[in-house]
Structure formats: C-alpha cells, structure tokens
Peer 1: 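A single structure is presented below for examination.
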Amino acid sequence: HGVEVRPADVQRSRWDSTLEQDGDAWAVRMGLRFVKSLGYGAGRAIEIAVDEAPFTSIEDFHLRTKISESALKSLAEAGAFAGFEAQRRSALWRAVGASRAEARGMFAGEEHAEPAAHFAPLSEFDTIRWDYAATNYSARSHPLAPLRAELDALGLPDARRVSKMRDGARIDYAGLVICRQRPGTAAGVTFMTLEDETGFVNVIVKPVVFEAHVVLGKTRAFLGVSGRLQVKGSSVQLLAKKLWVPEVDVEPQSGGSRDFH
C-alpha cells in the first residue's frame, strides 16, 4: 500500500509504534514493544534516557538505562543499535561486553574502551532471519525475497503472477503459511493463506487431501502446494491436490500463523 515501515531503533522508537514525517511523507516507526525480552519497564527506561539526551554508544546506552543483558542482546539482534553500530554481530559483541564489564566493575564512571572486534556482515537472508528471531517481523524485507531467484529457477511463481493466471491453470506454488482455518460449516475443508514478498495466495484443501498430508498441513511453515486455480472475477483460489516440502538451500524464517480459530 506504499506505507514505509521502519525498524525499531533505540534513538528513535518509543514503546509503541509512532509516525515519522519526512516532508509531505509519513512512515511508521516500529515500537520497542516488538523486541523480545524487552519488557515495559525497560522500554520506559529507554524512553526516559533518550528524552534526556541522545545515546552516544552502546556502552552509554547501557550505563544510562541499566537494562538486562538479555534485553541488550535482543536489541542488538533486532538491529536497534544501528544508529551507532551498523553491523549486528559487532553490536551484539559490544552489548554483551558492556553488560559483563560493568558487572565486573570495569567502568568506574567512564566508558570502557577496548579494541574493536571485526565480524563478517550478515547476508540479506540472515538479516531477515535475525529480524524474525528478535521481533517476529522484518521491516527490511520479506523472508522469501532473497530466495526469489532460486524459486524462479524451480518454476515456482510469486503471488502476483498467480493472481494473473487463467481459471483452471495447474500450478505449483510455495509460500509461508500465515493462516489455517477450518470453519464448522465447511464440511471439513481447510482454508489456508500463503504469502510471499508480492502478496497472498488463498488455498482450499479438501479433507481427503489434508488427511493425506496431515503433518505438513498442520505444522509446515514454508509449504509447497500443487493444484488447480479457481478464478471468478477478482477472486483467485488454489484448489490443492498435493502438499509438499519446497527444496531450497536455506529454510526461510516465519513469524508464525493464525491457526484453527
């Protein structure tokens, strides 16, 4: 929908998500509440400290907020220290070092300095995986975006291409499962929604197909579906004939799905 979403950042984020204005444009800044292991008390401590003065480093951040090591690690893994440490592995190293050095009494009122550690930067794929591990979302990209060339080579279209295909077309599609529903009035039919970086594909799984692939149907996050398209006007649904495991080099991270409510 053209809405820019920006990741959590200790210099800019509040506890809740906020709007940021750049000229005539607005963007959503994700709130600190999305970062795992960061409770409301720690979030408020960050808000109070940054309102007093901007943070100058990870070490300054820890000295002024006094939040736990687990919260520091989660912020580093989420990329929330990007304002003064762009590389997340380095940020994680410095965050843990700041916490443990203070515990050993090494600060003594001054910022502790030590030689910088050098780490390989995260790949695009790993960056997204770290986002999902730390916050269950990524404002930077979709988990399948780095895999698109590999999926194309396997002949697996994206959702945008699927939406333009003809009624009755037989296709193979792979996406992340974000919803599984089995209404009581649907005679045992399971409705699934799969997504990729371009949109969604709605899948209909009849009982005989679901039972033949019950483990995949109930548990698989990244799922392949073979079937026939049912196109009626703007409604496009994939009637599943088979569920399967996509063969990709690296399994994409998923934020989970809403199942059977």
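These numbers come from a predicted model, not from an experiment.
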Peer 1: Can you name the nearest heavy-atom pair linking Leu63 to Lys66, along with the distance?
Peer 2: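 Taking every non-hydrogen atom into account, O-CE, 3.0 Å.
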Peer 1: When you look at Val10 and Thr65, which way does the side-chain contact (heavy atoms from CB on, under 4.5 Å) test go after all the steps?
Peer 2: CA-CA 11 Å; Val10 296; Thr65 63; over 6 Å; no
Peer 1: Under a 3.5 Å distance rule, please check whether Lys73 uses its side chain to pair with a backbone N or O of Val96 as donor and acceptor.
Peer 2: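 A pair under 3.5 Å: no.
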Peer 1: Cluster question for you: counting only ILVMFWY and a side-chain heavy-atom cut-off of under 4.5 Å, with indirect links fine, are Val225 and Leu151 together?
Peer 2: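 Hydrophobic grouping puts Val225 apart from Leu151.
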Peer 1: Grab the two heavy atoms, one from Gly175 and one from Phe222, that are nearest each other, plus how far apart they are.
Peer 2: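 That closest heavy-atom pairing would be O-CD1, 3.5 Å.
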Peer 1: Specify the closest pair of heavy atoms between Pro143 and Pro252, including all atoms of both residues, with the distance to one decimal.
Peer 2: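 So the two residues come closest at O-CB, 4.0 Å.
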Peer 1: Does the side chain of Asn136 come within less than 4.5 Å of Phe34's, by heavy atoms?
Peer 2: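 When only atoms from C-beta onward are counted, Asn136 and Phe34 do not touch, as no gap falls below 4.5 Å.
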Peer 1: Tell me whether Met165 shares a hydrophobic cluster with Val201, the cluster being built from Ile, Leu, Val, Met, Phe, Trp, Tyr side chains joined at under 4.5 Å.
Peer 2: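 Linked, Met165 and Val201 end up in one cluster.
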Peer 1: Once side-chain hydrogen bond (donor to acceptor under 3.5 Å, both in side chains) is applied, what residue pairs with a partner in residues 231-247 remain, sequence neighbours excluded?
Peer 2: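 As it turns out, the side-chain hydrogen bond (donor to acceptor under 3.5 Å, both in side chains) pairs with a partner in residues 231-247, which skip direct neighbours, are Ser226-Trp244.
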Peer 1: Does the side chain of Phe119 reach to within under 4.5 Å of the side chain of Leu92, using non-hydrogen atoms?
Peer 2: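 Result no, sub-4.5 Å side-chain heavy-atom pair not found.
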Peer 1: Show the numbers, then the answer: is there a side-chain contact (heavy atoms from CB on, under 4.5 Å) between His62 and Ser99?
Peer 2: CA-CA 7 Å; His62 178 57; Ser99 176; 4.2 Å; yes
Peer 1: Would Ile48 and Leu75 show up in the same hydrophobic cluster when neighbours are defined by side-chain heavy atoms closer than 4.5 Å?
Peer 2: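 Cluster IDs for Ile48 and Leu75 differ.
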Peer 1: Whether Glu20 and Arg12 form a salt bridge (side-chain N of Lys/Arg under 4.0 Å from carboxylate O of Asp/Glu) is what I want to check.
Peer 2: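 Looking at Glu20 together with Arg12, the answer is no, because their closest N to O distance does not fall below 4.0 Å.
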Peer 1: Show the numbers, then the answer: is there a side-chain contact (heavy atoms from CB on, under 4.5 Å) between Glu124 and Ser141?
Peer 2: CA-CA 9 Å; Glu124 180 186 7; Ser141 189; 3.8 Å; yes
Peer 1: Mind jotting down which residue pairs meet the side-chain hydrogen bond (donor to acceptor under 3.5 Å, both in side chains) criterion with at least one end in residues 80-90? Sequence neighbours excluded, please.
Peer 2: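 Residue pairs with at least one partner in residues 80-90: Glu85-Arg94, Arg88-Asp131.
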Peer 1: Of all heavy-atom pairs between Ala95 and Ala76, which one has the smallest distance, and what is that distance?
Peer 2: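 Shortest heavy-atom separation between Ala95 and Ala76 comes out as CB-CB, 4.4 Å.
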Peer 1: Please report the interatomic distance CH2(Trp26) to CD(Glu4), rounded to the nearest 0.5 Å.
Peer 2: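 Output value for this atom pair is 13.0 Å.
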Peer 1: If you compare all heavy atoms of Ala240 against all heavy atoms of Val209, which two are closest, and at what distance to 0.1 Å?
Peer 2: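 So the minimum-distance heavy-atom pair works out to O-CG2, 3.6 Å.
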Peer 1: Below 4.5 Å, heavy atoms only, C-beta onward: do Leu38 and Ser74 meet side chain to side chain?
Peer 2: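 They are not in contact (no side-chain heavy atoms under 4.5 Å apart), so the answer is no.
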Peer 1: Side-chain heavy atoms under 4.5 angstrom apart, residues restricted to Ile, Leu, Val, Met, Phe, Trp, Tyr: same cluster for Tyr137 and Trp130?
Peer 2: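 No: no chain of side-chain contacts under 4.5 Å links Tyr137 to Trp130.
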Peer 1: Apply side-chain contact (heavy atoms from CB on, under 4.5 Å) to residues Val162 and Leu238 and explain how you reach the verdict.
Peer 2: CA-CA 9 Å; Val162 171; Leu238 177 56; over 6 Å; no
Peer 1: Does any part of the side chain of Met192, heavy atoms only, come nearer than 4.5 Å to the side chain of Leu223, both counted from C-beta?
Peer 2: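 Heavy-atom side-chain distance check passes, below 4.5 Å.
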Peer 1: What distance do Thr135 atom OG1 and Leu32 atom CG have between them, rounded to the nearest 0.5 Å?
Peer 2: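 Going from the OG1 atom of Thr135 to the CG atom of Leu32 covers 11.5 Å.
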Peer 1: With rounding to the nearest 0.5 Å, note down the distance linking CZ in Arg160 to CD in Glu197.
Peer 2: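 These two atoms lie 8.0 Å from each other.
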Peer 1: So do Asn202 and Gln230 actually touch side chain to side chain, heavy atoms under 4.5 Å?
Peer 2: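 No - every pair of side-chain heavy atoms lies 4.5 Å or more apart.
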Peer 1: To the nearest 0.5 Å, how far apart are CD1 in Ile178 and OG1 in Thr193?
Peer 2: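 With rounding to 0.5 Å, CD1 (Ile178) is 5.5 Å from OG1 (Thr193).
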Peer 1: Answer yes or no: is there a donor N or O on one side and an acceptor on the other, between the side chain of Asp126 and the main chain of Leu122, under 3.5 Å?
Peer 2: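 Answer holds: no.
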Peer 1: Is any side-chain N of the basic residue among Glu251 and Arg220 closer than 4.0 Å to the acidic one's carboxylate O?
Peer 2: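 A salt bridge is present here (some side-chain N lies under 4.0 Å from a carboxylate O).
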Peer 1: Let me check something: do Val248 and Tyr132 share a hydrophobic cluster, defined by ILVMFWY side-chain heavy atoms less than 4.5 Å apart, either directly or through other members?
Peer 2: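 Different clusters.
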Peer 1: Taking everything shown except Phe200 itself, do over 12 heavy atoms lie less than 6.0 Å from its CZ?
Peer 2: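 Open: at most 12 neighbouring heavy atoms sit under 6.0 Å from CZ of Phe200.
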Peer 1: Arg29 pairs by side-chain contact (heavy atoms from CB on, under 4.5 Å) with which of Leu19, Thr18, Asp16?
Peer 2: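 Only one option passes, and that is Thr18.
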Peer 1: Which value, rounded to the nearest 0.5 Å, describes the distance between Glu195 atom CD and Ser257 atom OG?
Peer 2: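 Going from CD on Glu195 over to OG on Ser257, the span is 10.5 Å.
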Peer 1: Output every pair passing salt bridge (Lys or Arg N to Asp or Glu O under 4.0 Å) with a member in residues 205-217, not counting sequence neighbours, ordered by first then second residue.
Peer 2: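 Applying salt bridge (Lys or Arg N to Asp or Glu O under 4.0 Å) to every pair that reaches into residues 205-217, excluding sequence neighbours, yields nothing.
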Peer 1: Does the side chain of Trp15 come within less than 4.5 Å of Arg44's, by heavy atoms?
Peer 2: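 No, every pair of side-chain atoms sits at 4.5 Å or beyond.
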Peer 1: In terms of side-chain geometry, is the basic nitrogen of Asp152 or Arg161 positioned less than 4.0 Å from the acidic oxygen of its partner?
Peer 2: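 A salt bridge links Asp152 with Arg161.
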Peer 1: Taking all heavy atoms of Tyr173 and all of Leu156, pick out the closest pair and write down the distance.
Peer 2: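 Taking every non-hydrogen atom into account, N-CD2, 4.2 Å.
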Peer 1: Any side-chain heavy atom of Leu229 within less than 4.5 Å of one from Arg166?
Peer 2: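 No, their side chains stay 4.5 Å or more apart.
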Peer 1: Could you check if a side-chain atom of His142 sits within less than 4.5 angstrom of a side-chain atom of Ile128, using non-hydrogen atoms only?
Peer 2: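 Side-chain contact under 4.5 Å: no.
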Peer 1: When rounded to the nearest 0.5 angstrom, what is the spacing between CZ in Phe210 and CZ in Arg180?
Peer 2: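 If we round to the nearest 0.5 Å, Phe210:CZ and Arg180:CZ are 7.0 Å apart.
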